[in-house]
Amino acid sequence: MKVAFPYFGYDTPVLAGFLEDLGAEIVMPAPTSKRTLELGVRYSPELICMPFKLTLGNLLEAIEAGADLLFMAAGARKCRFGYYHYLQSKILKQVQPRCRLVPVGQYSPYDFFFRLMPEEFGVSPIRVIRATLRMFARSVLTREFRQLLNRKRAVDFEEAERLELQALKIIKRARSVAEVREARRQIRQMFALNGVLPDLKVGLVGEIFFCVEQSANQEIERELGRLGVEVIFERSLYHHLRHLLGVDASYFRSRYLARPFLRECPGGEAVRTVGEAIQFARAGVDGIIQVFPFTCMPENMALEVLQHVSREYSVPVLSLSFDEHTSRTGLVTRLEAFVELLRRRRRAGTGVGRGGRVVGD
């Protein structure tokens, strides 16, 4: 039994480590590429959103690499994500009848710990819980690495790029709690800034897959770092796991902050998008960037709300939607223009006041 799952940004090794702790043999496909997207587009319904196409492409390439047991997150509520695993299972069966797609329900922790994982891997619930605790520890490490990497990129881009692969190898080797602790010490030392701070800071919000998976958002954090901008974020595997267990304080804060602008949840992560944008604006960021898949209904509703947030808090907002036709060159051009706007506002001292809105699609 060879196991695979779609890529999930820097947290991919964390998820792989969790499955390995349960005894799985992991067969990851090649990193997400242009071919991955082309495969996903070829087999996907025409108007389905981009995360479906990318994750389907990952799973198709995993089958080519020999995987026969595939895991895919499953959801419900008011978002097409709830139907992903149904459609993907049918598509994958047509390509490889012997493969099996296992949906991992996100809103039933009891079922996850006491039925799904024990049945799939023949292990006890205690072993699943222990593997989950290790996954939590490593997800905290990965989140901190990403924060430090974004800050280092804004100050010394070339050095940050040189250190990135070294740090990822350290994270991949860290399995026990003691090893995670030592890895954190090494990474903090590697990415120390010695008192130098970035000139600009931007908050990243939007649909979770696009906030986390670098291939989906076309390396937006790297591109902004190249322009001397530190990207701050909340969306990560760590916060998502805490949210699924009902203990993530940042989610409740986002829901509270978003209520004056968005009384009802339209689905997806719209409430978190609005709440996190307000939190970042209150923290004094220079601008906010929203990333989401083209045709995503919840994020398009959040986009409209962010216009009001932009006026209320006088913070520029750039909204970027992505599909398979999105040009990297066009993206970089828009980012450069947005960053130049932020620099002009900083020089002019117009960070406080009204009228700083920039909204696109």
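Every value quoted in this text rests on a predicted model; they were computed, and no experiment measured them.
Counted within 6.0 Å of CZ on R185, heavy atoms from surrounding residues, nucleotides or ligands total more than 12; the atom is thus considered enclosed. For CZ of F157, the number of neighbouring non-hydrogen atoms (other residues, nucleotides, ligands) closer than 6.0 Å is greater than 12. A 6.0 Å sphere centred on CZ of R98 holds no more than 12 heavy atoms belonging to other residues, nucleotides or ligands. Within a 6.0 Å radius of NZ in K169, other residues, nucleotides and ligands contribute 12 heavy atoms or fewer. No more than 12 heavy atoms of other residues, nucleotides or ligands shown are found within 6.0 angstrom of OH on Y86. Within 6.0 Å of CE in M135 there are more than 12 heavy atoms belonging to other residues, nucleotides or ligands.
Here the shortest heavy-atom pairing between R80 and C49 reads NH2-CB, 3.9 Å. Nearest heavy-atom pair across T326 and Q218 is O-NE2, 3.2 Å. Closest approach of T273 to A302, counting heavy atoms only: CG2-CB, 4.0 Å. The two residues R222 and E164 have their closest heavy-atom pair at NH2-OE1, 2.7 Å. Heavy-atom minimum distance, E179 versus S176: OE1-N, 3.0 Å. In this structure, L87 and P45 approach most closely via the heavy-atom pair CD1-CG, 4.4 Å.
Remark: the backbone N or O of F18 is not paired with any side-chain donor or acceptor of R134 at under 3.5 angstrom. The closest donor-acceptor contact from the side chain of R138 to the backbone of A174 lies under 3.5 Å. Between the side chain of T55 and the main chain of P51, a donor-acceptor pair closer than 3.5 Å is present. Panel note: side chain D68, backbone K2; a donor-acceptor pair is recorded below 3.5 Å. Listed for the Q214 side chain is a donor-acceptor partner under 3.5 Å among the backbone atoms of V212. For S124 (side chain) and R127 (main-chain N/O), a donor-acceptor pair under 3.5 Å exists by modelled atom type. Under the 3.5 Å distance criterion, the side-chain polar atoms of E213 are left unmatched by any main-chain donor or acceptor of L54.
Between R272 and E269 there is no salt bridge, since none of the side-chain N atoms of the basic residue sits less than 4.0 Å from a carboxylate O of the acidic one. Look at E340 and R343 and you find no salt bridge, because none of the NZ, NE, NH1 or NH2 atoms lies under 4.0 Å from a carboxylate O. Under a 4.0 Å N-O distance rule, the pair R345/D286 does not qualify as a salt bridge. Ionic pairing of E276 and R235 is present here: one or more N-O contacts between side-chain nitrogen and carboxylate oxygen are shorter than 4.0 angstrom. Using a 4.0 Å cut-off between charged side-chain N and carboxylate O, E159 and K152 make no salt bridge. Using a cutoff of 4.0 Å between basic side-chain nitrogens and carboxylate oxygens, E264 and R255 are not scored as salt-bridged. The pair D21-R175 counts as a salt bridge, with a side-chain nitrogen and a carboxylate oxygen less than 4.0 angstrom apart. Between E221 and R146 there is a salt bridge, since at least one side-chain N of the basic residue sits less than 4.0 Å from a carboxylate O of the acidic one. Between E223 and R226 there is a salt bridge, since at least one side-chain N of the basic residue sits less than 4.0 Å from a carboxylate O of the acidic one. A salt bridge is defined here as a Lys NZ or Arg NE, NH1 or NH2 lying under 4.0 Å from an Asp or Glu carboxylate O, and E119 with R115 meets this definition.
In this structure, F322 has its ring center closer than 6.0 angstrom to the ring center of F210.
Under the 30°/60° scheme for interplanar angles, the aromatic rings of H243 and H240 are found to be tilted. Ring pair F145/Y10 is perpendicular by interplanar angle, where above 60° counts as perpendicular and below 30° as parallel.
Side-chain contact between V14 and Y238 is absent, with no heavy-atom pair separated by less than 4.5 Å. Side-chain contact check for V102 versus F5: every heavy-atom pair is 4.5 Å or farther apart. With contacts defined as side-chain heavy-atom distances shorter than 4.5 Å, the pair L39/N58 does not qualify. Side-chain contact between F112 and T132: present, with at least one pair of heavy atoms (C-beta onward) separated by less than 4.5 Å. Taking the side chain as every heavy atom from C-beta outward, L303 and Q290 approach each other to under 4.5 Å.
Side-chain contact of S254 with Q279: a donor-acceptor pair under 3.5 Å is absent, judged by distance alone. If you check the side chains of N150 and E230, you find no donor sitting under 3.5 Å from an acceptor.
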Can E161 and R153 be said to form a salt bridge (Lys or Arg N to Asp or Glu O under 4.0 Å), step by step?
CA-CA 7 Å; E161 292 297 286; R153 279 171 171 165; 3.1 Å; yes

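A cation-pi geometry, defined here as NZ or CZ lying under 6.0 Å from the six-membered ring centre and within 45° of its normal, does not hold between R242 and Y251.
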